[in-house]
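This report refers to the structure that appears directly beneath it.
Naming: A, B, ... by sequence-line order, numbering from 1 per chain.
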Amino acid sequence: MSHDLSSISAAIYREARLLDQKSWKEWLLMYEEDAVYWAPGWLNEYDLVDDPDRQVSLIYHTNRGQLAERISRIQSRKSITALPLPRTVHVISNVHFLDEKQSPALVSASFVVHVFDPRTAREHCHFGHYEFLFSLSGESPTIASKKIILANDRIPTVVDFYSL
Amino acid sequence: MTSESAIGSLLIDRPQDGIFEVARRAFTDPEIFALEQKYIFEALWTFVGLETQIPRANDFLTTHIGSQPVLLTRKSDGSVGCFLNTCRHRGTIVCPFKHGRQKFHVCRYHGWAYDSDGRNTAVTEEADGQYPESFRDKNRDLIPVARLESYRGLIFASLSPSVPPLEEYLGQAAHFIDLIVDQSPVGQVEFVPGASSYTFDANWKLQFENGLDYYHFNSTHSSYVDILKNRAVSSNADLPREDSAERVGQGSFSFPHGHAVNWSIKQVSAYGRPLSNDQENLNRLTEQFGRDRVKWMLRQRNLTIFPSLQLIDISSSQLRTWRPLAPDKTEMTSHCIAPVGESAESRRMRIRGYEDFFNPSGLATSDDNVMYEYCQTGYVAEAGNTLGYLRGLGSDPVHDGPHANEVGITPDEYAFGAPTFGGETNFHAGYREWHRLLLNAGQKI
């Protein structure tokens, strides 16, 4: 039986909205306990890091607790990067199955995250592709894995989970 | 034009009176920036790559010396070549790729070709070109850099023929390169694939200073310190400890040509180290190099090679370089540097530690980058010189420890203090060298 793309799209849009609204707690709950959150680096002009234990990633987390650490860091109001936090607008498009037969379902989406930093009145955007593994066993889809392929990887000053 | 007296007043260097001051415009003035590019970044030794990045004939990578693009190659005879990456015909970048392997670099504009030795091997349709007689004898090869040398697999190049030999330039700072390279069973270091590149909107000297600066750690990185504390509670790792008789604290050494290293001694490593995780390698190292050197391999060390290289060996290890783009914009390139031949588990730990700390997406470097921008904004205020280079200048400096002897060095500057010392005298060597070079420049313009 094939999965319902509309419910998965809704979950992806919801995740984006929770990030933009800084609803960290609800955002975190969209992830499974042992979720993989991975923003691989680039090896060269064409190839992505594909072995996180032998190559360096921008971010590589293998459980929800590590995402919770990132949240606690910015919530502590001690991290300079969060004083103040930038305003973000996630724009998601091109949601489609890469493999709808497999479970969890493999889904791709394109993203553009516009970032406005009130500290400097500077704006920039990060863009690329997401690859999600969604578990569909529960009431609503949960994220088993999110891979963030950042196309523009010369990073202005800082990038974090809320601006990807 | 910047006058000599304007350059003279950039640094007030009277440590005997408790004064060491850098003028704020050193961070903001476009004329100073232009002088730095020409008389510092394009006049000294610049780190351009590791031997292990280009192991085979015809391997190449591209980088910059100051603002000038260069091509680093492994030549056909196995030696290393470094050339200005610009076609002799019309100036085009000959090699537009970051790294790769190819025997010939063919300019895309008119098809002139060069080999890995930099030799011009083809001028397209030369016979039909009705070239003047003089062209036949004209050298058309890629222009090699003036000087190119390696130290322990780290390749440096210079556009100036008058730099001292590399080993002389590095001096005793090289001991701290050895402390990294010697960790490898085969005496080689490599970059873990996946370099990152980022920018910050601030002067390059903010990065230069930050690498020398332990004072900022607990305040700038307090959110990271909290995370480390939480993790330590849940960790029961049996980590190597310093001898209980060892005095804990922070210290620094400075060397000629502006290099410096700061280091800290803690009873317990703040965290597991890739090296401390590999008992077999530790035993081998102790046998080969003795306890003192292994002790120093396990200590936190931040090495600054003036003007644009920092090597950090803490819970992970980083080699970072910077390229100033404007007085208030700097491009950073950051690599995870690692001993060739370490265990898979040590490597994994090194990579996780690196991502945690060093990336612009990490939990610590990101705070530094933002802080540089706050400094840059603050420097615009005409509030007189800052008080940022005085810790350690008191009348009773501690420099009687065993530390320099253990490493086998006789540094120009040697400071040691409490674990919260945060000494700043190790900034002085770099600023003195910076000022000396600018004063020389002032005499030339």
Side-chain angles (χ1 to χ4, degrees), chain A residues 37-62 65-86 117 119-122 124 126 148 150 152-164, chain B residues 61 96-100 191-202 219-228 230-231 234 316 329 331-336 338 344-345 347-352 354-356 358-374 376-377:
Chain A
Y37 183 97
W38 183 23
W42 288 91
L43 297 171
N44 52 43
E45 287 86 346
Y46 300 105
D47 302 308
L48 278 170
V49 161
D50 59 7
D51 182 350
D53 284 346
R54 298 171 70 171
Q55 300 161 334
V56 178
S57 300
L58 288 170
I59 301 176
Y60 182 66
H61 294 323
T62 52
Q66 291 164 329
L67 291 173
E69 274 186 351
R70 284 185 179 262
I71 291 170
S72 73
R73 173 171 176 264
I74 58 172
Q75 275 187 327
S76 71
R77 301 199 58 78
K78 287 180 178 177
S79 171
I80 313 304
T81 63
L83 293 174
L85 268 174
D117 191 342
R119 174 175 64 88
T120 55
R122 193 176 57 190
H124 59 264
H126 302 297
I148 299 142
L150 179 64
N152 54 335
D153 71 328
R154 191 174 89 159
I155 291 161
T157 312
V158 57
V159 70
D160 207 337
F161 71 94
Y162 51 79
S163 52
L164 282 173
Chain B
L61 62 85
F97 305 108
K98 277 186 179 174
H99 57 89
F191 288 148
V192 182
S196 63
S197 164
Y198 58 94
T199 57
F200 53 78
D201 288 355
S219 47
T220 298
H221 301 305
S222 64
S223 64
Y224 183 61
V225 172
D226 286 350
I227 288 174
L228 293 184
N230 285 334
R231 288 180 191 169
S234 57
S316 181
K329 197 171 189 73
E331 179 189 67
M332 300 294 301
T333 302
S334 172
H335 297 273
C336 180
E345 179 53 25
R347 179 59 58 94
R348 197 190 61 78
M349 179 186 253
R350 188 181 299 281
I351 292 170
R352 291 294 91 79
Y354 176 91
E355 291 158 352
D356 209 33
F358 291 119
N359 269 339
S361 45
L363 304 175
T365 292
S366 53
D367 280 323
D368 290 324
N369 294 348
V370 172
M371 204 46 88
Y372 307 157
E373 295 182 348
Y374 275 120
Q376 189 72 25
T377 315

Between A:Lys78, A:Arg73, A:His61, the one whose heavy-atom pairs under 4.5 Å with chain B are most numerous: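 Of the options given, most contacts go to A:Arg73.
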Option in A:Leu48, A:Thr81, A:Val158, A:Asp117 with maximal non-hydrogen atom pairs under 4.5 Å from chain B: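 Ranked by contacts with chain B, first place is A:Thr81.
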Between [options], which shows the greatest number of heavy-atom pairs under 4.5 Å with chain A?
| options | answer |
| --- | --- |
| B:Arg347, B:His335, B:Glu331 | B:Glu331 |
| B:Ser219, B:Cys336, B:Pro360 | B:Pro360 |
| B:Tyr354, B:Phe200, B:Tyr374 | B:Tyr374 |
| B:Ala195, B:Gly194, B:Ser223 | B:Ser223 |

Any donor-acceptor N or O pair under 3.5 Å, side chains B:Tyr224, A:Ser79: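 No.
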Check each atom of [X] against the heavy atoms of chain A and say whether the ones under 4.5 Å are side chain, backbone, both or neither.
| X | answer |
| --- | --- |
| B:Asn359 | side chain |
| B:Leu363 | both |
| B:Phe97 | both |
| B:Ala338 | neither |
| B:Asp226 | side chain |

Presence of salt bridge, B:Glu373 and A:Arg122, under 4.0 angstrom: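 Salt bridge present between A:Arg122 and B:Glu373.
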With a 3.5 Å distance limit and no angle check, can you tell me whether [X] reaches the backbone of [Y] through a side-chain donor-acceptor pair?
| X | Y | value |
| --- | --- | --- |
| A:Trp42 | A:Leu150 | yes |
| A:Asp160 | A:Tyr162 | no |
| B:Asp367 | A:Ile80 | yes |

Heavy-atom closest pair, residues B:Ile351 and A:Pro52: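 Between these two residues, the closest heavy atoms are CG2-O, 3.7 Å.
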Residue pair A:Leu43 / B:His99: nearest heavy atoms and the distance that separates them: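 Where A:Leu43 meets B:His99 most closely, the heavy atoms are O-NE2, 2.9 Å.
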Listed once per pair and sorted, the salt bridge (Lys or Arg N to Asp or Glu O under 4.0 Å) pairs that draw on residues 48-57 of chain A, sequence neighbours left out: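 Every pair satisfying salt bridge (Lys or Arg N to Asp or Glu O under 4.0 Å) with a residue in residues 48-57 of chain A: A:Asp53-B:Arg352.
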At a 4.5 Å cut-off on heavy atoms, which part of [X] comes close to chain B: side chain, backbone, both, or neither?
| X | value |
| --- | --- |
| A:Ser76 | side chain |
| A:Pro40 | neither |
| A:Val159 | both |

Test ring pair (Phe, Tyr, Trp, His ring centres under 6.0 Å) applied to A:Tyr60 - qualifying residues, sequence neighbours left out: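 Partners of A:Tyr60 by the ring pair (Phe, Tyr, Trp, His ring centres under 6.0 Å) criterion, ordered by chain and then number, come out as A:Trp38.
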